[in-house]
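Counting starts at 1 for both ligands and their atoms, in listed order. The model shown is predicted, which means the values in this text are computed figures rather than measured ones.
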Amino acid sequence: MCGIIGYSGHRPAVPVIMEGLRRLEYRGYDSSGVCFVRNRELQVIRAEGKLNNLEDKLADMDISLATAGLGHTRWATHGAPTENNAHPHVSFTRNLAIVHNGIIENYREWKDFLLDKGYLFFSETDTEVLANLIADEQAGGLSLLRAFAAALEKASGTYAVALLSTEEPDTIYAARHSAPLLIGAGAGEHFAASDIPAFLPYTRDVVFLEDGEIARITPLRAEVFSMADLKPVPKTLTRIEWDLQAAQKGGYKHFMLKEIFEQPRVVADCIAGRADTKRNAVRMPELEGFPVPSRLRIAACGTSWHAGLWAQSLMEGWSGIPTTVETASEFRYRNALPVPGECLLVISQSGETADTLAALRLVKEQGIATLGICNVIGSSIAREADAVVLTQAGPEISVASTKAMTAQMTVLMLTALYWGRKRGSLDREITARALAELSDIPARLTGLLPTLESEAAGLAARFAACKSMFFLGRGQSFPLALEGALKVKELSYIHAEGYASGEMKHGPIALIDPCFPSFFLMPYDAHFAKTMSNLEEVAARKGPVVALTNPPKDGMELRVGESWLLPEAWGPLCAFFMLPALQLFSYKAAAFLGKDVDQPRNLAKSVTVE
Ligand code: AGP
């Protein structure tokens, strides 16, 4: 998630902007930049890496006279994290600069259009295309406000964008679509920013922009217009009472909770540009030049390993590719025999996990094709794999991985569909149903999360005193059971075991007693009846049981124990409701026990050592 700040007021703009970018650092970034107007010319200073590199460049510049400007920290999605791709981006006409957060999905077609008109480009970014689209509208005679609106109407995708021009050097324009952007209203100064922390020390009075609105700010005025007809839109000020740290968490108590609630957006961003429900097609440009493997090995660690296990049946069922899944720490030492035409798929949020990286390097030496699914562009795995699919979940700050797994499952589903269609092993009805159901997940999950949170809190309070608990499931619910147990272990420090529920009879059921609860993951799927039997065997031995299941129908209902009801979802998509429920249960248990939720003891966010 990129960070945006625009300022127009009575102070020197650049120090205010740099301070604001520092308070947006928690969003994660790999390059940054600022721009302002001096002597009616745009001054644009950008740097790779951390803000110190940008500050070094600014140290020798005369920045005192500019009282308006833009700043940006970039989390690279299109184009490598280089200075050349850093924002702000200037139009070819050099009269306007923009900073942008989001993805312009149709930038390629507009870039071709503009190239045909003689525009030149100097970066790989979609943002530079938008800057030139605005300039082109201006060249057609439109005012800057109208040109901004006209260009945004042509852009499809997600954006929060702010603009500065040489014609109006103390005016910032800003607009948003599906990416946050807000206006800070101060005394003789105004701000446009992607998040409240950027200007919190200067003002607590905020106007939240909505999709389809354009803001125009100067030192003394902040106006909002409807993009459709440029009519003024009345807005109210909201008073923010948060402290800075709470603001960086978006008002959530912990980054983990914030990241759990970001999951609808994460799924939407993962499928954007990839899931084409109209054409019943899946676009994976990262895989176009990558050979469809004859056999797939998946290697990963922790939560990422659970995502791989969850995808195994999809890879085999939808793409028809024989698939095995292992922990990277085991795979790298067992002298696995390479098979011609196979592929190693490594899954890693950080892209730096030592065991996963070692597995990748091992098979590369054997001449095996390697594919990475990563959340951090420019990470070792992202750079060293033959191909990489970025999950674009935005930086995951909390040590406990949550939204990354949801993003990984989404990308794995799309990959199984993509390869299945390429191999002709998947009928069109399955693709159509999968894409349609997946496209509904963001809205359904948005509506569900608040209920899940309060239900999780009640359950967690009841079971937080337990010394041990089971999480049990069959089929694709088994990897989710492993994940549920991992989350409880790493967050609340309670011993929890994830197990295939069919295995209980083979020993573990000896552990059951009234203080040893079992959580059964049992959506209405082919395994429901068998898992019900396992649940009844546990209940018969006085073990407390809780079933994460769907509302009763057609006689499929619990005969013993209690239920935590989740909405039904088609096939594998039930995981997109089950997983957040498990995440919230572990979160609430940890919070109830007063644990350090975002930084659990003994854990690191990325295990870069063996
Ligand atoms: C997940 O909550 C853990 N923090 C941990 O298991 C993590 O998933 C594992 O270390 C793998 O990390 P990666 O996805 O960055 O490779």
What's the shortest distance from [atom] to any protein heavy atom, and which residue and atom give it?
{"atom": "atom 10 (O) of ligand 1", "result": "V607 CG2, 3.9 Å"}
{"atom": "atom 4 (N) of ligand 1", "result": "V399 O, 3.0 Å"}
{"atom": "atom 11 (C) of ligand 1", "result": "C301 O, 3.4 Å"}
{"atom": "atom 6 (O) of ligand 1", "result": "G302 CA, 3.3 Å"}

Numbered atoms of ligand 1 (with element) below 4.0 Å of [X], judged on heavy atoms:
{"X": "K487", "answer": "1 (C), 2 (O)"}
{"X": "S401", "answer": "1 (C), 2 (O)"}
{"X": "T303", "answer": "1 (C), 2 (O), 6 (O), 8 (O)"}
{"X": "Q349", "answer": "13 (P), 14 (O), 15 (O), 16 (O)"}
{"X": "S304", "answer": "8 (O), 13 (P), 14 (O)"}
{"X": "A400", "answer": "2 (O)"}

Residue portion contacting ligand 1 (non-hydrogen atoms closer than 4.0 Å) for E490: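 It is the side chain that touches ligand 1; the backbone stays farther off.
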
Checklist entry - Taking N or O atoms only and a 3.5 Å limit, does T353 qualify as a polar contact for ligand 1? => result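 Right, the criterion is met.
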
Which atom pair, heavy atoms only, marks the closest approach of [X] to [Y]?
{"X": "R283", "Y": "D276", "result": "NH1-OD2, 3.2 Å"}
{"X": "N550", "Y": "P567", "result": "ND2-O, 3.4 Å"}
{"X": "A80", "Y": "E124", "result": "N-OE2, 3.8 Å"}

Determine, for E503 against R474, whether the closest basic-nitrogen to carboxylate-oxygen distance falls under 4.0 angstrom.
no

Quiz item: Does the ring of Y29 carry K50 above it, NZ/CZ under 6.0 angstrom from centre and within 45° of its axis?
Solution: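 Yes.
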
Fill in: Cation-pi geometry met for R297 and F331 (6.0 Å, 45°)
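Judged by the rule (NZ or CZ under 6.0 Å from the ring centre, within 45° of its axis), R297 is not positioned above F331.
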
Please tell me whether Y499 and F471 form a close aromatic pair, meaning their ring centres lie under 6.0 Å apart.
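Here the rings of F471 and Y499 have centres that are no less than 6.0 Å from each other.
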
Distance flag, aromatic centroids of F470 and F519, threshold under 6.0 Å: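 Ring centroids of F519 and F470 are no less than 6.0 Å from each other.
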
